[in-house]
Protein chains: 2
Amino acid sequence: MAKLQKSIDKRNALVKATIELVNNNGFHATPMSKIAKMAKVSPATIYLYFENKQDLVNQTYIEVKAEYTNYAFATYEENMSVEDGFELIWKRIADFKLKECEHAMFLAQCDNTPMIDEPSRIEGIKHLQPLLDLWQRGKKEGLVKPLSDFILYAYAINPLSFLMITQKRGAFQLNESHIEEAYQAAWDSIKVNK
Amino acid sequence: MAKLQKSIDKRNALVKATIELVNNNGFHATPMSKIAKMAKVSPATIYLYFENKQDLVNQTYIEVKAEYTNYAFATYEENMSVEDGFELIWKRIADFKLKECEHAMFLAQCDNTPMIDEPSRIEGIKHLQPLLDLWQRGKKEGLVKPLSDFILYAYAINPLSFLMITQKRGAFQLNESHIEEAYQAAWDSIKVNK
DNA sequence: TAAGTAAAAATGAACGTTCATTCTTTTTTT
DNA sequence: AAAAAAAGAATGAACGTTCATTTTTACTTA
């Protein structure tokens with residue numbers, strides 16, 4: 001009861017500030033004092049919502065990861081064909097990475113550093129199951145190469161992270177036709193060549 | 001003259017310690033004191049070889065990146081066919097990422113965080129030209145899809161980083177046949193479908 | 001070759017700062 | 001008016017960096 005009374009707005013502001021500061025400065029240059037300042041809150045207040053800095057980052061990671069996978073699978077239904085299902089999920093993921101770029105960047109940074117502790121990382125992986133099931137079905141139907149999920153993920157999904165980061169750094173501008181090209185490359189890499 | 005007298009061994013030990021500690025603990029949890037201890041050197045000695053912590057990380061990044069690209073292109077020759085050239089370079093890169101896993105992990109972490117400053121990052125990109133030239137040739141010959149280098153890189157090369165990181169985390173074990181499968185996926189994603 | 005010496009390299013301890021976290025007090029809510 | 005939430009100031013630890021000193025190296029001279 002006590003916890004529910006606490007303003008959810010403050011918690012959200014803290015999570016938001018964490019994402020923004022870690023994205024721009026890195027975890028190593030994101031002190032609690034700056035997070036507090038950006039969230040317009042006293043440093044002490046952070047500790048009413050989070051155990052410590054690690055907990056703040058872990059919870060932020062898990063929340064953003066859940067938001068990501070929810071978005072990815074929101075319109076997917078299991079009775080779709082493998083090809084339609086894959087295209088739908090892939091494009092939802094692309095959409096998320098472009099529209100919620102800040103959140104996707106934060107995930108990329110977490111996934112490539114020891115910034116997140118192992119339990120939180122494992123928690124974050126759980127939600128990908130619908131995609132793995134889809135691939136399983138695709139393998140059975142002879143449409144998807146019989147590869148391990150890791151390799152399928154590496155070629156079908158992960159390249160989007162690279163493109164997003166590259167775009168964020170200003171190296172080039174992703175547009176609609178790039179997305180279509182990338183989707184074709186993704187599908188070509190995992191589909192069975194007839 | 002003065003600088004050349006300084007023991008190159010100590011510098012190397014510092015670079016090595018930086019890679020190892022940043023890999024295992026992240027930049028944020030790698031104090032100069034630990035780097036010094038691991039390199040069996042006084043903290044003060046670091047400042048004889050490097051301006052400050054940022055400079056140490058920047059120089060380490062540039063060195064490892066150069067080592068990586070040197071390895072990738074060591075046996076490549078420009079008169080090779082596009083297909084042979086690509087397979088050769090790709091497999092050299094895969095080789096490096098598996099054999100020099102620590103170094104490759106360090107690069108991945110640098111490339112996905114604001115840990116490295118922008119000039120050093122730009123310096124690190126320079127050496128990839130032979131691969132871009134090969135793709136250019138492949139496009140002219142109608143063998144490689146007419147995509148931007150960023151997209152080609154995202155699908156042909158970058159997935160190896162994901163596989164390497166996943167393997168390092170112990171999620172699965174990469175073997176020879178995985179490498180062959182991954183190579184096929186890479187080529188399938190960028191080659192023109194006849 | 002051996003002794004002497006000046007410069008360079010290396011060191012451990014110390015400095016000032018910044019950090020995550022806690023303490024005490026004030027403000028807000030019920 | 002009691003309890004919960006929030007605040008600012010305070011705290012001790014840890015950090016990057018520098019300082020004062022010692023050790024090692026390279027070179028000169030006998």
Side-chain angles (χ1 to χ4, degrees), chain A residues 1-61 106 109-110 113-117 120, chain B residues 1-61 106 109-110 113-117 120:
Chain A
M1 186 167 70
K3 283 200 173 179
L4 288 181
Q5 288 174 322
K6 296 180 193 168
S7 153
I8 193 72
D9 289 347
K10 285 213 172 105
R11 214 198 93 106
N12 289 342
L14 285 165
V15 167
K16 190 164 182 284
T18 302
I19 293 167
E20 192 168 333
L21 287 168
V22 168
N23 268 349
N24 292 330
N25 311 324
F27 186 55
H28 71 282
T30 301
M32 296 296 258
S33 55
K34 274 193 192 168
I35 295 173
K37 195 166 283 175
M38 180 168 276
K40 286 173 184 163
V41 139
S42 159
T45 305
I46 301 179
Y47 293 86
L48 300 175
Y49 295 88
F50 303 95
E51 247 179 65
N52 51 38
K53 192 181 181 185
Q54 185 68 55
D55 183 46
L56 167 59
V57 173
N58 287 343
Q59 287 199 38
T60 301
Y61 174 77
F106 180 77
Q109 192 168 165
C110 291
T113 67
M115 171 179 142
I116 294 296
D117 64 20
S120 303
Chain B
M1 187 169 71
K3 284 199 174 180
L4 290 180
Q5 287 173 322
K6 296 181 193 168
S7 153
I8 194 72
D9 289 347
K10 286 213 171 106
R11 215 198 92 108
N12 289 343
L14 285 166
V15 167
K16 189 162 181 286
T18 302
I19 294 167
E20 193 168 332
L21 287 168
V22 168
N23 268 350
N24 292 329
N25 311 325
F27 185 54
H28 71 282
T30 302
M32 296 296 258
S33 54
K34 274 193 193 169
I35 296 173
K37 195 166 283 177
M38 179 168 277
K40 286 173 185 165
V41 140
S42 158
T45 305
I46 301 179
Y47 294 85
L48 300 175
Y49 295 88
F50 304 95
E51 247 178 65
N52 49 38
K53 192 181 181 184
Q54 185 67 56
D55 182 46
L56 166 60
V57 173
N58 288 157
Q59 287 199 38
T60 301
Y61 174 75
F106 180 78
Q109 193 168 163
C110 291
T113 68
M115 171 178 140
I116 294 296
D117 64 20
S120 303

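Numbers restart at 1 for each chain; the letters A, B, ... are given by sequence-line order, proteins then strands.
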Which pairs, protein N/O on one side and nucleotides 13-18 of chain D N/O on the other, fall under 3.5 Å?
unit_1	atom_1	unit_2	atom_2	d
D:dG16	OP1	B:K53	NZ	2.7
D:dG16	OP2	B:M32	N	2.6
D:dT17	OP2	B:Y47	OH	2.6
D:dT17	OP2	B:K53	N	3.0
D:dT17	O5'	B:Y47	OH	3.2

Could you pull out all donor-acceptor pairs under 3.5 Å where a side-chain atom in residues 15-24 of chain A meets a protein atom, sequence neighbours excluded?
unit_1	atom_1	unit_2	atom_2	d
A:T18	OG1	A:L14	O	2.8
A:N23	OD1	A:F106	N	3.2
A:N23	ND2	A:E102	O	2.8
A:N23	ND2	A:E102	OE1	2.9
A:N24	ND2	A:E20	O	3.2

Residues which pass side chain to side chain donor-acceptor pair (under 3.5 Å) with B:Q54, listed by chain and number, not counting sequence neighbours: none

Distance below 4.0 Å between A:K10 side-chain N/O and D:dA6 OP1 or OP2: yes

Pairs satisfying side-chain hydrogen bond (donor to acceptor under 3.5 Å, both in side chains), at least one member in residues 25-42 of chain B, at least two apart: none

Which residues share a side chain to side chain donor-acceptor pair (under 3.5 Å) with B:D55, sequence neighbours left out: B:Q59

Separation of C:dT28 C1' from A:L48 CG (nearest whole Å): 13 Å

Sequence-distant partners of B:Y61, ring pair (Phe, Tyr, Trp, His ring centres under 6.0 Å), two or more places apart: none

D:dA5 OP1/OP2 closer than 4.0 Å to side-chain N/O of A:Y49: no

Value in whole Å for how far the P atom of D:dG8 lies from NZ of A:K40: 14 Å

Any donor-acceptor pair under 3.5 Å from B:Y49 side chain to B:S7 backbone: yes

Nearest heavy-atom neighbours spanning B:P114 and A:Q109: CD-OE1, 3.3 Å

Interface with DNA chain D, restricted to residues 12-26 of chain B and to heavy atoms under 4.0 Å: none

Closest contact, heavy atoms only, B:C110 versus B:M115: SG-CE, 3.3 Å

Options C:dA10, D:dA7, D:dA6, nucleotide nearest the side-chain atoms of A:V41: D:dA7

Atom-to-atom span, CD1 of B:I46 to P of C:dA10 - whole angstrom: 12 Å

